[in-house]
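Beneath this line is the structure, given in structure tokens, with notes to follow.
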Amino acid sequence: MRYSQLMLPTLKEDPAEAEVISHKLMFRAGMIRKLAAGIYSYLPLGLRVIRKVEEIVREEMNRAGAQEVLLPCVQPAELWMETHRWEEYGKDLLRFKDRHSRDCCFGPTHEEVITDIARREIRSYRQMPLNLYQIQTKFRDEIRPRFGLMRGREFIMKDAYSFDTDEAGLEKSYHKMYEAYERIFKRCGLTFTAVEAETGLIGGSASHEFMVMAETGEEIIVSCQSCDYTANVQKAEAKRTRLRARGSEKTLKPLKKMETPDMKTVETVTQFLKVRPQDLVKTLIFETDQGVVATLIRGDHEINESKLEKLLGCGEVKLASDDVVYEATGAPKGFAGPIGLSVKIIADYSVESMVDFVTGANEEDAHYVNVNLGRDVKVDQFADLRMIKEGDRCPRCGKSLSFSRGIEVGHIFKLGTKYSKTLKATYLDENGREREIVMGCYGIGVGRTAAAAIEQYHDEDGIIWPMPIAPFQVIVVPVNNKSEPLMETAEGIYRLLSGSGVEVLLDERDSTPGVKFKDADLIGIPLRITVGEKNLKRGLVEIRRRKNGETIVIGKGNTTETVLALINEEMEASLRA
Ligand code: ATP
Ligand code: MG
């Protein structure tokens, strides 16, 4: 490709709204342009990277035995009503009506559609295992689209779905996908880790997220420094502390109500009462599909809503509104407490061993001190409800945990029979008995993977593409396009490289070398061949590696073989990593 014929609008300035480096650089490198919030056009350079990622994904999915399909984006509401996700999915689901006033949605994911295919086409155990995947545009009306392709509303996803006769089959299919994902992200040249994760709106029994390590990541990854425990912080279990002997009734201090005028926060109450946050128990009231529930959690801990959702086995829980809190406790928010509450009370494990603690008094401007379980409070259930935090111990081995940040690029789920049950996707087993198909689903954000690569690999001059997903592998820069011998040599190198299958860009623009070098660095092409006067007089050209600035000077006749060797080396390095 010739630079002057390529639509490559590079920019010096960062876009005002871009917060993260990948968004800034994709915009400045002329890869993407914004049409509306979370909706982007891919310009030629951007699309080349997207296609590279897609191709790696496609090759590895095929290698793992999955078959490519393409499902519709527009989906009828009826199908989503069958699984109840028409109600459950909330506002992320883009809904509209066709000309006959029939409700439709733009697919945010395709469990419904693929299970509909399965229930029509799969009859016998002989048709499984089966894995179908597609690479396609999804729409999720994200509440806060941001960071460019990282969290768009319209985005490209690879989604795969496996169908097996039983759990053991699913286990195998899941493992195959796990391995395929490892290969995919390795081949993209990324540093990543797989963590245990929550299943969320997709559902199912187990899941792993593939995280690209980056400080700007939205996800917090918890990993044990001694054993191999790694989890998303949402999912990370808190180690249950051993029960301290709670002391006999006699040693407990007498319950006492204290005036705490206008003190509604852990901070103000504990300062006023001269106790530590860990001596207070917060009572948080939630609205759930099972009614109002009170949770008790230590003052220095945070509630993990997804643990509560899982425990209750219900859809989304939400912190109760002021009215609901008033109705349940008889007091405004900030003064709720467990004593005398008539709603279900669930306490975090860490509350189990507390004595003489502080709680709200269910009365405006009042708190109790010396509250004790059993004597004063009846807890319906103890559970792991809290977010784990720095300083916590590994739930498996008890050693210390470390926290880091990552970008979720892939997510795999064991769905089990969640969708086959509701959509009645069954097959006949060896004995002619009807059984539900056991499913898994597996997603990769294609645009997010490209963005994550930039988060991982960039410097102050621009992007540093890993060779396997670079839009071009080589850029040839003649430093003066008025000089005929220079241009001839550059053209010759360009032709030979193109002929050898190298993806090469020839910068034959009438610009200064400075401008050309800056653009080459910004768009992140891994190898730059500079054809300059001084070197050429001696029959030489220079090759510079974008990733470390290393340069070598070689005879111009050796360019093709040297470049091919360098490309191979960098491609293989990503697989070895
Ligand atoms: P997140 O928690 O980041 O919203 P998710 O759990 O909703 O992600 P999945 O439903 O598992 O995502 O989708 C599979 C993959 O699709 C994700 O791992 C991610 O790479 C990608 N993806 C999801 N939402 C977006 C988005 N809004 N923009 C770009 N990629 C996305
Ligand atoms: Mg999401």
Side-chain angles (χ1 to χ4, degrees), residues 20 22-23 26 32 34 36-40 42 46 49-50 53-54 56-57 61 85 88-94 106-112 114 133-161 174 177-178 180-181 184-185 188 190 192-204 206-212 214 216-221 231-235 305-306 309 316 405-415 418-419 440-456:
V20 296
S22 59
H23 186 191
M26 276 197 180
I32 56 169
K34 177 172 152 181
I39 303 181
Y40 291 88
Y42 305 94
V49 175
I50 295 292
V53 175
E54 287 178 355
I56 292 174
V57 169
M61 293 308 290
R85 284 210 295 184
E88 282 169 20
Y89 216 96
K91 291 191 170 170
D92 272 15
L93 187 64
L94 177 65
F106 193 110
T109 177
H110 280 69
E111 285 78 16
E112 277 77 4
I114 202 83
Y133 77 98
Q134 62 171 343
I135 299 177
Q136 188 219 30
T137 298
K138 303 277 190 261
F139 195 96
R140 293 182 182 178
D141 207 349
E142 299 272 355
I143 186 164
R144 280 213 295 155
R146 62 205 151 130
F147 306 159
L149 298 191
M150 199 83 90
R151 183 170 296 285
R153 293 197 296 158
E154 186 178 305
F155 60 96
I156 302 171
M157 195 202 287
K158 184 286 299 178
D159 45 326
Y161 305 86
Y174 188 85
M177 285 296 106
Y178 189 106
Y181 274 43
I184 288 167
F185 298 119
C188 288
L190 298 166
F192 65 95
T193 177
V195 306
E196 285 183 25
E198 274 309 336
T199 50
L201 269 176
I202 308 277
S207 107
H208 284 90
E209 285 168 344
F210 287 75
M211 302 277 199
V212 165
T216 48
E218 288 184 288
E219 307 292 333
I220 298 175
I221 303 165
N232 183 318
V233 72
Q234 293 291 334
K235 163 91 182 180
E305 291 180 14
S306 63
E309 282 162 11
E316 240 174 290
R405 286 191 163 268
I407 299 166
E408 177 204 319
V409 287
H411 200 167
I412 60 178
F413 299 81
K414 286 182 195 164
L415 291 175
K418 172 169 172 167
Y419 293 91
C441 78
Y442 316 90
I444 290 182
V446 173
R448 193 183 281 183
T449 300
I454 300 180
E455 292 295 331
Q456 236 172 34

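Counting starts at 1 for both ligands and their atoms, in listed order. Predicted, not measured: the structure shown is a model, and the values here were computed from it.
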Which atoms of ligand 1 sit under 4.0 Å from any heavy atom of G410?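 Counting from 1, the qualifying ligand atoms are 18 (O).
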Taking 4.0 angstrom as the limit and counting only heavy atoms of R140, give me the atoms of ligand 1 inside it, by number and element.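 Going through ligand 1 atom by atom, the ones under 4.0 Å from R140 are 5 (P), 7 (O), 9 (P), 10 (O), 12 (O), 13 (O), 23 (C), 24 (N).
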Contact check, L149 vs ligand 1, heavy-atom distance below 4.0 Å: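 Distance cut 4.0 Å: L149 passes for ligand 1.
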Any heavy atom of M150 closer to ligand 1 than 4.0 angstrom? yes
On the 0 to 90° scale, with breaks at 30° and 60°, tag the Y174-Y442 ring pair as parallel, tilted or perpendicular.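 It falls in the tilted class, 30° to 60°.
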For Y181 and F210, take the angle between the two ring planes, folded into 0 to 90°, and tell me which bin it lands in: parallel under 30, tilted 30 to 60, perpendicular over 60.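 Tilted: the ring planes of Y181 and F210 meet at 30° to 60°.
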Can you list the steps and then say if E154 with Y40 is a side chain to side chain contact (heavy atoms under 4.5 Å, CB included)? CA-CA 8 Å; E154 186 178 305; Y40 291 88; over 6 Å; no
How does M157 reach ligand 1, by side chain, by backbone, by both or by neither, if only non-hydrogen atoms under 4.0 Å count? side chain
Flag [X] as yes when one of its N or O atoms lies below 3.5 Å from any N or O atom of ligand 1, and as no otherwise.
X    : value
G152 : yes
R153 : no
V409 : yes
F155 : no

Of the listed options (K158, H411, E142, R448), which comes nearest to atom 19 (C) of ligand 1 when hydrogens are ignored and any heavy atom counts?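 That would be R448.
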Give a yes or no on whether a salt bridge exists between K235 and E209, defined as a side-chain N under 4.0 angstrom from a carboxylate O. no
Checking side chain to side chain contact (heavy atoms under 4.5 Å, CB included) for the pair E455/M150: CA distance, chi angles, key distance, verdict? CA-CA 10 Å; E455 292 295 331; M150 199 83 90; 3.7 Å; yes
Within the structure provided, determine whether E305 and E316 are in side-chain contact (heavy-atom separation under 4.5 Å). no
Checking salt bridge (Lys or Arg N to Asp or Glu O under 4.0 Å) for the pair E111/R85: CA distance, chi angles, key distance, verdict? CA-CA 10 Å; E111 285 78 16; R85 284 210 295 184; 2.8 Å; yes
